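Taking it in order: structure first as structure tokens, then the write-up.
Please read these numbers as outputs of a predicted model, since none were measured by experiment. Here is how names work: the chains are called A, B, and so on, in the same order as the sequence lines, proteins then strands, and each is numbered from 1.
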Number of protein chains: 2
Amino acid sequence: MAKIKASSHEKNFDESEHNAQGRDMANCPVTTAINVIGGKWKVIILYQLRGQTLRFGELKRVIPKITQKMLTQQLRELEKDKLVKRVVYAEVPPKVEYTSTELAEKLNPALDLLCAWGSEYEKAHQSE
Amino acid sequence: MAKIKASSHEKNFDESEHNAQGRDMANCPVTTAINVIGGKWKVIILYQLRGQTLRFGELKRVIPKITQKMLTQQLRELEKDKLVKRVVYAEVPPKVEYTSTELAEKLNPALDLLCAWGSEYEKAHQSE
DNA sequence: CTGTATCCTTAGAGATACTG
DNA sequence: CAGTATCTCTAAGGATACAG
């Protein structure tokens, strides 16, 4: 995929210049959204956490092909972006639970539409 | 951003293994959708082409910070993914027009929701 | 169990120059 | 006008080993 920095909220348009009467709306927050959920495993993790709390190991088991490093990293970013809440229990052995936040749940309608569109897309391409 | 191959429709789940009763739906086509529109400039280009045909140079002018190389590359991928139609006129000087396809227009509702969510996200983070 | 820390490979992306 | 062709840099992501 593209190189999308997690913390990059940079504008892709130079608003200072008269930008040839292009649609300034193009710089609407879709780009922000894509930046936030565009990570390779983000939507997958988010999906698993829909209305459900999971431990680190459970997530790992449910997403077998993700590495520990990536799981940790993506979770940290999601946490920083306030899409996931992380709760550490002071036990031994350690126990950490991940839950999706309100903000994340608000994403669901959009994800559902994307999911539906993805199906259409796959249908349109399955002939190849 | 994440590394998302344009042509990668690989499964991120190992369906052969009993995957710890994880939600198989997690591997729903959201991931496909993200792969297709996750490119750094894709949604921006798509937005500019909403219900409107533009020439290469017009796109370049409207998205000043994109390089020619990236514009060409992203357009080629969108074309391959059947989201954009490319029409070349046999004139001199050359003239090439880009139009969004039906499939691309079907994405709009999802993009609108993402846009709305992006605004919420920005609000929730502006305090920082 | 839930992580770090390293090392490594690649793909994404920018800059620049050139062309039919 | 609408692109290629190179070159380079960086960051995303994977593999593996180690640790509280």
Nearest-Å distance, CD (A/Gln74) to P (C/dT2)? 18 Å
What is the distance from NZ of A/Lys65 to C1' of D/dA15, rounded to the nearest Å? 15 Å
Can you tell me if the side-chain N/O atoms of B/Tyr98 get under 4.0 Å from OP1 or OP2 in D/dG3? yes
Test of understanding: with side chain to side chain contact (heavy atoms under 4.5 Å, CB included), list the residues that count as partners of B/Leu54, not counting sequence neighbours. B/Gln48, B/Leu49, B/Gln52, B/Glu58, B/Leu59
For the pair made of CG in A/Asn35 and P in D/dA12, what is the distance, rounded to whole Å? 11 Å
Hey, could you give me each pair passing side-chain hydrogen bond (donor to acceptor under 3.5 Å, both in side chains) that has a residue in residues 110-119 of chain A? Not counting sequence neighbours. A/Arg50-A/Asp112
With a 4.0 Å limit, can you tell me whether A/Arg76 has a side-chain N or O closer than that to the phosphate oxygens OP1/OP2 of C/dT4? yes
If I take atom NZ in residue A/Lys95 and atom C1' in nucleotide C/dT2, what distance separates them, rounded to the nearest angstrom? 13 Å
Go through D/dG14, C/dT2, D/dA2 for me and flag the one nearest to the A/Trp41 side chain. D/dG14
Quiz item: A/Lys69 side-chain donor-acceptor pair to C/dG3 base, under 3.5 Å: no
Spacing of A/Leu71 atom CG relative to C/dC1 atom P, expressed in whole Å: 14 Å
Could you check how far CG of A/Leu75 sits from P of C/dT4, rounded to whole Å? 10 Å
Side-chain N or O of B/Arg55 closer than 4.0 Å to phosphate OP1/OP2 of D/dC1: no
Proximity to DNA chain D (any heavy atom under 4.0 Å), residues of residues 83-94 of chain B only: B/Arg86, B/Pro93, B/Pro94
Take atom CD of A/Glu102 as the centre, draw a 6.0 Å sphere, and report whether it contains more than 12 heavy atoms from other residues, nucleotides or ligands. no
Which nucleotide wins on minimum distance to the side chain of B/Gln68, given the candidates C/dA15, D/dG3, C/dG3? D/dG3
Length of the line joining A/Glu79:CD and C/dT2:C1', which is rounded to integer Å: 14 Å
Tabulate below the donor-acceptor pairs under 3.5 Å that side-chain atoms of residues 88-95 of chain A make, not counting sequence neighbours, or state none.
{"unit_1": "A/Tyr89", "atom_1": "OH", "unit_2": "A/Glu97", "atom_2": "OE1", "d": "3.0"}

Within this structure, what is the CZ-to-P distance between B/Phe56 and D/dA2, rounded to whole angstrom? 7 Å
Nearest listed nucleotide, side chain of B/Met70, among D/dC1, C/dT4, C/dA13: C/dA13
Applying salt bridge (charged side-chain N to carboxylate O under 4.0 Å, His left out) as the test, list every pair that has at least one member in residues 28-39 of chain A; sequence neighbours left out. none
On the nucleotide D/dG14, are OP1 or OP2 found under 4.0 Å from the side-chain N or O atoms that A/Lys40 carries? yes
Hits for salt bridge (charged side-chain N to carboxylate O under 4.0 Å, His left out) against A/Glu120, two or more places apart or cross-chain, chain-then-number order -> B/Lys106
Note: A/Val84 and A/Thr101 closest approach over all heavy atoms is N-CG2, 3.7 Å
